[in-house]
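In what follows, every chain begins at residue 1, and chains take the letters A, B, ... in the order their sequences are listed.
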Amino acid sequence: MVYELNDVSVRINGEEILQSVSCTLKEGKWISIIGQAGAGKSTFAKVIKGLIPFFKGEYTHNQQPLPRDSKGNMKVVPQIGYVFQFPEHQIFETTVYKELTFAPKVKGESPERLEEAIMMVMGQMGLSGDLLQENPFQLSGGLKRLIAIASVLIAEPELLILDEPTAGLDPISRTALLKQLKAWQGEKNRTVLFISHQLEDVAEYSDEVMIFKKGRLLVHLDVNELFLKHIAFMEQAGLPLPEPIQLLRLIEAISGRILEPASCREEDIMQLVRSVWQSRGLQNDG
Amino acid sequence: MLVFDQVDYHYRRGHPVLRQLSFEIHQGKFISIIGGNGSGKSTLAKLMNGLLQPREGQVKLDHLNTLKHEDLGRIRELVGLVFQNPDDQFITTSVLDEVVFGLENLRVPRDEMAHRVNEALKAVHMEDYVEAMPHQLSGGQKQRVAFAAVVAMDPSILIVDEATSMLDPQGRRDILDVMHALHRQGMTIIHITHHMEEILSSDRVLLLSNGEMAFDGTPSALFSNVSIAEHQLALPFAVRLHQALGLNAPLCADWKETITSLWSMS
């Protein structure tokens with residue numbers, strides 16, 4: 001499964017809000033999309049889902065152009081799931097079961113297949129089967145978010161777009177949600193497009209990162225390449241570095257040593273920094 | 001002074017959201033309120049400015065009481081609340097009208113109104129969007145406008161309820177900078193947040209857990225005395241770093257300064 005954009009531009013109300021974007025989205029990758037507000041992140045995601053009918057350039061799936069209607073307008077791509085910001089605002093059914101089965105029933109899934117899909121998606125999101133007959137509106141914010149995302153995952157999307165999926169969640173719910181989604185993505189070998197302002201999460205969970213700036217794709221890099229070797233792109237995009245990377249750079253600056261952690265994840269950086277700290281003979285009670 | 005005296009609140013009978021809350025907040029303090037989803041933080045904010053009234057107990061602001069209907073107007077002038085979701089707050093069709101609306105209700109003179117609107121929108125970098133429709137803005141831009149609309153009303157107490165969740169890192173910093181600037185000018189700031197690093201520079205932290213006050217004290221005392229994960233929260237990076245390196249230095253929001261100074265002393 002490969003989705004490709006070639007020289008895609010989007011103009012809305014006379015303003016070019018996406019300019020000449022070319023990229024390849026490969027199977028099984030967690031790709032984070034970052035950039036300042038108004039950089040074009042959500043517009044890019046909407047093009048991928050087929051929510052923007054007119055754009056210049058080519059968009060292909062496995063090297064085949066994606067279907068358009070008789071007027072040449074882009075159609076919604078059904079095999080792509082889209083979790084919008086605050087997805088729980090889209091919940092409308094009176095039980096969790098009805099909420100999860102609404103879309104599959106519309107598609108005409110058999111009752112057997114439905115039961116199987118529900119059990120699978122509830123398990124993947126770490127949700128108890130006891131919740132199925134609960135009213136989703138009476139659940140906590142974190143649970144509502146998981147149910148709303150589960151109702152997208154039940155359709156088994158081959159590419160999943162997550163637009164700020166953790167906004168408003170407490171830190172434990174946020175980490176739990178991202179771990180569930182990462183496990184789902186790895187187990188199913190699916191592609192995730194993760195739009196986020198939480199740069200620590202980007203460093204922690206991504207395989208690749210796309211940085212947008214003023215409607216342009218500034219760079220599309222492996223996450224470790226970006227945060228350990230090419231941090232100038234972050235500055236160019238007006239974005240701060242994740243705190244563990246800032247720590248790494250600070251220790252390099254004050255020690256005069258080049259540090260090469262195993263990855264840009266906090267655990268690997270902390271381990272390396274701790275060893276440098278200890279080798280300097282600095283106090284360490286921990 | 002804002003006083004909560006044995007306050008209980010429930011939306012449905014038999015399902016308490018807040019229980020026996022008693023505390024005082026003195027003018028000019030910077031208070032952070034933290035807690036997991038569903039712990040009662042947003043309900044607490046609405047009780048503070050009289051949008052909700054306690055089922056038991058009372059909420060007082062100096063001589064005013066949110067249980068007295070005649071006091072509510074004045075309380076809402078004095079206590080500004082920026083909602084978590086800006087769409088809950090918008091009622092007009094342009095950014096300018098959105099900020100002007102509250103000032104018109106306060107009968108602020110025209111000249112002063114123009115000054116306040118300009119200052120508030122400039123502070124959040126939205127001065128070029130006065131004609132824009134609030135509902136067509138991005139999530140982050142909406143949060144900036146919602147914040148400016150409340151700040152322009154110059155409340156004595158500003159409550160910001162997780163109102164930076166859709167902002168990019170620079171946008172979040174801009175809003176925090178404005179909150180700290182207003183605090184330096186004497187405004188009481190009550191900041192409800194899930195971003196634990198943001199609480200390090202506050203005077204005091206209130207931790208809510210299942211509607212009860214689980215902690216009330218300084219950020220340093222919180223991290224020394226409370227098991228944060230039990231309350232659906234995570235340690236901020238500065239604290240994780242202190243623990244990883246076994247630092248005995250006082251906890252400080254600027255961890256870079258601490259690291260640099262310890263390194264140079266060795």
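- Residue B:Y129 qualifies as open at atom OH: its count of foreign heavy atoms under 6.0 Å is 12 or below.
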Checklist line | B:R172/A:H197 under side chain to side chain contact (heavy atoms under 4.5 Å, CB included): CA gap, chis, key distance, verdict | finding: CA-CA 10 Å; B:R172 232 173 83 203; A:H197 291 310; over 6 Å; no

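- Closest approach of A:P171 to B:M196, counting heavy atoms only: CG-CG, 4.4 Å.
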Next item on the list: In sequence, state the C-alpha distance, the side-chain angles, and the governing distance for A:R174 and B:H194, and then conclude on side chain to side chain contact (heavy atoms under 4.5 Å, CB included).
Entry: CA-CA 10 Å; A:R174 170 179 141 198; B:H194 285 145; over 6 Å; no

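- Taking CD of A:Q138 as the reference point, atom OH of B:Y11 lies at 14.0 Å (rounded to 0.5 Å).
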Notebook entry, point to check: How far apart are the C-alpha atoms of B:L245 and A:Q278, what are their side-chain angles, what is the distance that settles it, and do they pass the side chain to side chain contact (heavy atoms under 4.5 Å, CB included) test?
Noted result: CA-CA 8 Å; B:L245 302 185; A:Q278 284 169 341; over 6 Å; no

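- Heavy-atom contacts from other residues, nucleotides or ligands closer than 6.0 Å to CD of B:E257 number 12 or fewer.
- For A:K214, the NZ atom sits in a loose shell: 12 or fewer heavy atoms of surrounding residues, nucleotides or ligands are nearer than 6.0 Å.
- Dense packing is recorded around CD of B:E119, with more than 12 heavy atoms of other residues, nucleotides or ligands lying under 6.0 Å away.
- Remark: B:D203 CG is packed, more than 12 non-hydrogen atoms of other residues, nucleotides or ligands lying under 6.0 Å away.
- At least one side-chain heavy atom of A:Q198 sits less than 4.5 Å from a side-chain heavy atom of B:H195.
- Other residues, nucleotides and ligands place more than 12 heavy atoms under 6.0 Å from the CD atom of A:E252.
- Across all non-hydrogen atoms, the minimal contact from A:S173 to B:N37 is OG-OD1, 3.6 Å.
- With hydrogens and angles ignored, the 3.5 Å screen pairs no side-chain donor or acceptor of A:D170 with any backbone N or O of B:I34.
- Contact tally against chain B (heavy-atom pairs below 4.5 Å) for A:M270, A:H89, A:E164: the top residue is A:M270.
- The minimum heavy-atom distance linking A:I172 with B:Q232 is given by the pair CG1-C, 3.1 Å.
- B:N85 contributes atom CG, which lies 10.0 Å from atom CD of A:Q85 (distance to the nearest 0.5 angstrom).
- Of all the heavy atoms in B:W263 and A:I254, the pair that sits closest is NE1-O, 3.2 Å.
- The part of A:L250 that comes within reach of chain B is its side chain, from C-beta onward, which places non-hydrogen atoms under 4.5 angstrom from that chain.
- Residue A:L143: no heavy atom, backbone or side chain, is found under 4.5 Å from chain B.
- For A:E200, no part sits under 4.5 Å from any heavy atom of chain B, backbone or side chain.
- Heavy-atom neighbours of B:R55 CZ from other residues, nucleotides or ligands within 6.0 Å: above the threshold of 12.
- Proximity to chain A (any heavy atom under 4.5 Å) is shown, for B:R240, by both the backbone and the side chain.
- Listed options B:T193, B:T260, B:L167 were ranked by heavy-atom pairs under 4.5 angstrom with chain A; first place goes to B:L167.
- A:S255 touches chain B through backbone and side chain together, each having a heavy atom under 4.5 Å away.
- In terms of heavy-atom pairs under 4.5 angstrom with chain A, the leader among B:G35, B:G36, B:S264, B:S39 is B:G36.
- Interface remark: A:I34 contributes no atoms to any contact with chain B (heavy atom separation under 4.5 Å).
- Atom CD of A:E243 and atom NZ of B:K256 lie 7.5 Å apart (nearest 0.5 Å).
- When all heavy atoms of A:L239 and B:P169 are compared, the pair lying nearest together is CD2-CD, 4.5 Å.
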